[in-house]
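One structure below.
Only this structure's heavy atoms are used, side chains among them; waters, hydrogens and symmetry mates stay out. We name chains A, B, ... by the order of the sequence lines, and we start the count at 1 in each one.
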Amino acid sequence: MSKRKLEALFQTLIKEDKKAFTAYIMGGDGGIDRLEKDLLFLQESGADLIEVGVPFSDPVADGPVIQEAGLRALKNGVSLEMILNKLTEIKEKITVPIILMTYINPVLQYGLEQFADASRQGGIAGCIFPDLPYEEEALVKEHLAAADIAIIRLAALTSGAERLKTLTSDSEGFIYAVTVNGVTGERAELNAAEIKNKIDKIKSFTNTPVLAGFGISSADAAQSLLPSCEGVIVGSKIVQAFHEGRKEEIREFISSIKGLSLISG
Amino acid sequence: MSKPSYSMPDQNGKYGVFGGKFVPETLMAAITELEEAYQTIGRSEEFREEFQDLLKNYVGRSTPLYFAKRLSEKLGGAKIYLKREDLNHTGAHKINNTLGQALLAKRMGKNKVVAETGAGQHGVATATVCALLDMEAVIFMGEEDIQRQKLNVYRMELLGAKVVSVTQGSRTLKDAVNEALRYWVSNIDDTHYIMGSVLGPHPFPQIVRDFQSVIGSETKAQFQAAENRLPDYVVACIGGGSNAMGMFYPFIEDQEVSLIGVEAAGKGLETPFHAASLTKGKKGILHGAHMYLLQSGDGQIQEAHSISAGLDYPGVGPEHSYLMEEGRVTYTSVTDEEALSAFHLLTRTEGIIPALESSHAIAHAVKLAPRLDQNSSMVICLSGRGDKDVDTIRKMEGRSEHE
């Protein structure tokens, strides 16, 4: 039933003219036991979706903040299996859809079938694999389909029209629109016009919701993007704030963006 | 019926289950562009002529296939020939590939390149061709490696390249690749990534193999001219695997030729300090390709260890991974100690100081040759010269300059 959770969320949000705020955290940063506290905190603070990152030794799509958070988690001995076990353990307390973001190698070593099965038990609604482009999706597709888990595809600023058409065909959950040519992490400025064009192009091919992410760290940046998409994803800013114990800032940040989304929506 | 001819990779960039394009979506357009450019520009008469001309007049090809008489006599078995890639400009096989890729990038309208380097050989070869072709080069190198290879860093800077110190992760080659990939994602519009080995997403393993296959093609012709047949054994060292792939590829369909790849066993396969990804690793996905990797049970990539910085990478290219599973190539390993002893042996018997990487191939020959009869023959790929390693060896063996 997990994939349906995403569909239901977007139906509600669209009906109420609201936007989705997605928070990313690194699973196991600060130890595996912090995961539950952080998830509940984000849920209570108004996050509509939560992306849980899985630490990997070589995260080529990530900037310094998430790289370091991943290394801290690895030093704590955290693995994909531990994260999925923890999510299964606390699943009754979590009402927002959980998206797992993981590089593909830990999944491959865990075993594709075991991974799909454990993810289903953990209540995972969708998976994002930053190093698994459309061409390689077949590796996991069957297993995740059987577990009723969405594969969330990424669309980049470098993806041309033909490519977007391919990426949006049979897309599930939402499309993750990558807003910079680069890695994750806070940016002083985003090219809002270019991003808007790209999102419009995506929307010309599909009704699947579009969430924008990579480099969004301010209410201003979110405000410039929210009118053209269904929501935003914020990672590095939240990861760093949790790491430094600035939880109130996270709550305020979510409120400010949720407030915006009401105005702009 | 004859066996169907070898045609890897397939149209999806796969070698059996290995290879592929496991990269972030932002890179897909550039990889597709490169694939197309390689099929069109890379196969054009004009490109090939320019490439061949520079290989001959700038790199100094063809390199000799040298009959190592004293070494053969000393080992007392097979006749041993050395393919002298150490005599190339910049002292190793690396330039065959950097020259090809830089020419391709230039014709694709990309005037900037990014590359990773471990010991600095690929970095120097990249900086060299960028000076030649008036291109900008940014080279990522682990902080640890920068400390170990200061002269190569200075060489790259003399040639006009910008060397960026990588302080993330283990601060060695694997992390330099991560940073180079991140840089490429951020500068995708005007920058080409010159991958240094038969690694990375398709089409890199194929392009690097093809540019390096000049090694094997020359060897085949030179051996024919000298012995009027094919060699019984062809031996090459394997880090990522580019000199070996370039050497083996033209021999793949010649079943009578035994192909042997030699990995770095470091302090020993029973210790955690080795770089034997094929011998001791498991299948996995890193830096764009499905291949054999040194990794933990939960899929975290482990650090490789070898006396030779050029073999210090925790994976082996997808085509080697495939050729091992197919049984066409045999992969073995030698320890730091064995490589070091082969280094001294070649230096003293032939007056050739080999790179520590190449010393691994020689070390295997030292074991194999005496077991073969005098009618059999062996070619060793001497992939680079050892000048860069002399200081490391001097320090390691505790000799002062005045002794």
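- Put simply, of V180(A), V107(A), L167(A), the one with the most heavy-atom pairs under 4.5 Å next to chain B is L167(A).
- Highest contact tally toward chain B, considering only P55(A), P59(A), G63(A), is held by P59(A) [criterion: heavy-atom pairs under 4.5 Å].
- With a 4.5 Å cut-off on non-hydrogen atoms, Y110(A) does not touch chain B at all.
- In this pair, F204(B) and W184(B) present their aromatic rings perpendicular. The plane angle is above 60°, beyond the 30 to 60° band.
- Contacts of P64(A) with chain B are absent, with no heavy-atom separation under 4.5 Å from either backbone or side chain.
- For an aromatic pair to be called close, the ring centres must be under 6.0 Å apart, and Y183(B) with Y193(B) fails this.
- Heavy atoms of I301(B) lying under 4.5 Å from chain A belong to its backbone as well as its side chain.
- Here the closest heavy-atom approach between residue V23(B) and residue G288(B) is recorded as CG1-CA, 4.0 Å.
- L157(A) does not touch chain B: none of its heavy atoms, backbone or side chain, sits under 4.5 Å away.
- Within the 4.5 angstrom heavy-atom criterion, only backbone atoms of K283(B) (N, CA, C, O) approach chain A.
- In this structure, no portion of L80(A) lies under 4.5 Å from any heavy atom of chain B.
- In this structure, F115(A) has its ring center at least 6.0 angstrom away from the ring center of H143(A).
- Between the side chain of D131(A) and the main chain of Y103(A), no donor-acceptor pair closer than 3.5 Å is present.
- Put simply, of A30(B), A29(B), P24(B), the one with the most heavy-atom pairs under 4.5 Å next to chain A is P24(B).
- Of the atoms belonging to P133(A), heavy atoms from both backbone and side chain fall under 4.5 Å from chain B.
- Comparing Q168(B), K14(B), H287(B), K21(B) by heavy-atom pairs within less than 4.5 Å of chain A, the highest count is held by K21(B).
- Note: N178(B) leads N178(B), T32(B), D298(B), N187(B) in heavy-atom pairs under 4.5 Å with chain A.
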Exercise for the section: Show the numbers, then the answer: is there a side chain to side chain donor-acceptor pair (under 3.5 Å) between S236(A) and E186(A)? Expected result: CA-CA 6 Å; S236(A) 295; E186(A) 299 183 21; over 6 Å; no
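- With Y38(B) as the aromatic partner, R43(B) meets the cation-pi criteria of under 6.0 angstrom to the ring centre and within 45 degrees of the ring axis.
- Scanning both residues, M141(B) and V153(B), for their nearest heavy atoms gives SD-CG2, 3.8 Å.
- Heavy atoms of E81(A) lying under 4.5 Å from chain B are absent altogether.
- Within the 4.5 angstrom heavy-atom criterion, only side-chain atoms of V178(A), from C-beta onward, approach chain B.
- Between chain A and the residues V185(B), N12(B), V177(B), the largest count of heavy-atom pairs under 4.5 Å involves V185(B).
- Screening Y292(B), Y331(B), Y313(B), F18(B) against H320(B) for a ring-ring contact (aromatic ring centres under 6.0 Å, His included) leaves a single residue, Y331(B).
- Across every non-hydrogen atom of V60(A) and R182(B), the tightest pair is O-CG, 3.1 Å.
- Neither the backbone nor the side chain of Q302(B) comes within contact range of chain A, judged by heavy atoms closer than 4.5 Å.
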